Amino acid sequence: MSIQVRNIHKQFGAFTALDDISLDFPTGELVALLGPSGCGKTTLLRIIAGLEQADAGQVLLDGEDASGTHVRDRQVGFVFQHYALFRHMTVFDNVAFGMRMKPRGQRPSEKQIAEKVHELLNLVQLDWLADRFPSQLSGGQRQRIALARALAVEPRVLLLDEPFGALDAKVRKELRRWLRKLHEDLHITSIFVTHDQEEALEVADRVVLMNQGHVEQIGTPEEVYRHPATPFVYGFLGSVNFFHGRVEGEGLRVGGDHLHHGVQGLGQGAEVVAFARPHELDIMVDGDAGDGVAARINRILAFGVTARVELDGINGATGQHFEVELTRERVAQLDLHEGQSVRLLPSRLSLFEQPHAARAAGAAR
Amino acid sequence: MAGATTLRLGAAADFGQTRFEARAATRETPLVKWLILGTALTFFAVFLLMPLIAVFVEALRKGWETYVTALVDPDALSALRLTLIAAAIALPLNLVFGVCAAWAIAKFEFRGKHFLITLIDLPFSVSPVIAGLIYVLVFGAQGWFGPWLAEHDIRIIFAVPGIVLATVFVTFPFIARELIPLMQAQGKEEEEAAVVLGANGLQTFWHVTLPNIKWGLLYGVILTNARAMGEFGAVSVVSGHIRGQTNTLPLHVEILYNEYQFAAAFAVASLLALLALVTLGIKTWIEHRAAAAYRDSQDDAS
Amino acid sequence: MATAAPSLPLRPTSSAAPPFRVLPGFNLTLGYTLGYLSLIVLIPLAAVFLKTAELTLAEFWNVVTAPRVVASYKLSFGMSLLAAAINAVFGLMLAWALVRYSFPGKKLIDALVDLPFALPTAVAGISLTALYAKNGWLGQFLEPLGIQVAFKPLGVLVALVFIGLPFVVRTVQPILEDLDTELEEAATSLGAQRWQTFRHVILPIVFPALLTGFALAFARAVGEYGSVIFIAGNIPMVSEITPLMIITKLEQYDYTGATAIATVMLILSFALLLIINGLQAWTAKRTGRDR
């Protein structure tokens, strides 16, 4: 089933949680709502579920306006952040709950319910836990039971609120892969909320990036990572270095330094912020003063496959910190050492004109 | 004012030895310890234990025969009947109210919530005598509805309805006060989950909320019952002390005592003291069970 | 594909629509709560103030400041304050012993602390009277010392101590249980004596709860009737408590008089209720506990 939201607006007192959000979620896709806490993603998910009502706008399920439909009748599966398993019921009773609550005419027989519950418990590979209580389960198991419970009512869409938020790192990774696989088997339209970029990029077909009640970018994980549409997305996805500067001739002036870079479409003298990923920066030991940003090496971390060099700006970008990712060969070749003064040269830069840039700079820190 | 009557979850856990006495920094010198312990226990013995024991000793002072006679006296039996009736009416009324109030207050946001909680607390801070007086002012011969009631030959004051009303008033907040913090602490995520899964209001309450609040509810019921059966001041004002008709057990105790039938008075009193002991026993048991249930629910197996 | 959809004009939800709630039953339960509260508590309580309003201010003043009534205030408030203070001291010690020490019968004693809640006040009243009467278990020792308890103001005090004890113990106990042992270890490691640790570390943490317990015990004591009247002797100007004055007026069919005194007590009770609510909020804030 497809989900569309149209011009959703939600206000909590003076705080605007969602500002005119419109999105399409096509049938069968697994979409991540990604953003920092307080960006409105959970509110949007709860509005789609019907657990919250928008101040304005519509939610369309399969093209039909669901605004007047109660949560109970929307046929959505919702997995709560802390699972909300009924603590006094066994795993079996938890999963059977939705079926048992149906009006007498539509209620399956206890035998059918038992079959369905075991089928679902097998699906989440926890059939052996049917008689346990939620308190006797690990976090990852609770998460899977919550999912089985949501699926038991054969929902048309599946909504998950921070599905891995309360788990430790190792279980998280496992469950991520598992959820992806489950989605490939079931192909039910699913939306999950997360603040973890890695999670969103790894699991989702499509990522919706949200910030302060707005949608910043929509795209496949690769699109949003490779081509961030806004400074915010740049700052939010992966680590990033940024330079404040002004367009001057065929490049940028960054304080006392100068960066040669294409500035198409930007007027002379425009205030910009330039972004570069750590691997998009190179270090010049004896570069000429006409190009690159002067910096001093603070620390070299060479324990991984690649080496990470941390630097402090000293001329144009005083007080700023930079992070450069180099191969270990390159570090050896340049014979870098801590305390050395070098110049930073970006191989690729993305420019955003101020005042947009000001907001992103905040997020990137 | 319910601060001292709410369900204690830490009560069943005995931290004493391991947490405090085993550590040098949290231990007093033996002399100080025994001084505190001795004083505290003496105080407990004189002010709580001795009055309790005295009831039973005084009751049996004239032997078993007098004791039993006092209890099977028709007036005593009718007082017992009235006490049970009053409790049997007040309890369900305040139970329904307590659940409704807790549901509205704990599961929803609305303006004036704190003020409402304060109002629910009111009967705790009103003297029982005043609790009786207010119904005399409303339903008594000179009260608001007095003339109308007299015309229709309905008796409320100095009759059973008045006793029930006074009992309802003094036990009014117990269950609500027990459930409100409990249900607030539990949040509403489980209820929301039930609704998403298609449950209607009653199903949600019955299958999800009720099992989670059962210990608190039972606790409130026990306290309400004890107070309802033991109330003296409020009931005394509205009862009229008509023997065999409008006397509850505590009032019957007073009458016997004022007639210098001490052994009989204490015999009936011992029945009420027994009720108190049973109440405390059940209360301790509930605390135990609730604490165990709480520990289970907090237990993270991961 | 998730794409930005074309913008539709904003459709504000109608202002007349009721606020949205997922869980059902809000109107029903709140309506019932308010209705029942009004019928049982608020309207009858309002009767007190309306009845009092039938008096002129001078008449009201005459009733509530009659010498016998004033004597009853002095007794009720004085003894209630004293009883609450005694309970604050000994209740703290009892709570301390229950939390910190292990001794035989501790669980039983812990359970019995609530006895004054559970024991009907009339029963407590006659039992205390029997204990402190001339030939009673305690009276027989006190009498030769010239201490008369039963049928004297001192008897009122004894009854009020009995009735108030659990309030102090039960408000202080959970705070003591939650006390972090590391605080005391830190104080000791910094060179504090045990008494200094208690005075400067433990007492400040426990104090709000102790004050709350004191206020609760006081509020209960002021209105107490059943346990007091048997032991007080009820001698005019000497050992009559204020609630008894209301009863006395009622027995003389002086409804307005009874109501006037009730008004004074009610106003005091409401003030106490507000103070106690404030204290409990303070305790919660100071200790990070929910009420």
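Chain identifiers are assigned alphabetically (A, B, ...) following the order of the sequence lines, protein sequences preceding nucleic acid strands; residue numbering begins at 1 within each chain. Every value quoted in this text rests on a predicted model; they were computed, and no experiment measured them.
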If I measure from the heavy atoms of chain C, does A:V71 come under 4.5 Å with its side chain, its backbone, both, or neither? side chain
Which portion of A:Q4 sits near chain C, non-hydrogen atoms under 4.5 angstrom: neither
So which bits of residues 152-163 of chain A come within less than 4.5 Å of chain C, counting non-hydrogen atoms only? none
Tell me, do C:P24 and A:H70 make a side-chain contact under 4.5 Å, heavy atoms counted? no
Evaluate whether atom [atom1] of [X] has more than 12 neighbouring non-hydrogen atoms of other residues, nucleotides or ligands under 6.0 angstrom away.
X	atom1	value
C:Q193	CD	no
A:R226	CZ	no
A:E202	CD	yes
C:Q196	CD	yes
A:R107	CZ	yes

Which pairs of donor and acceptor atoms, one on a side chain in residues 98-106 of chain A, lie under 3.5 Å apart (sequence neighbours left out)?
unit_1: A:R100; atom_1: NE; unit_2: A:E110; atom_2: OE2; d: 3.1
unit_1: A:R100; atom_1: NH1; unit_2: A:D93; atom_2: OD1; d: 2.9
unit_1: A:R100; atom_1: NH2; unit_2: A:E110; atom_2: OE1; d: 3.1

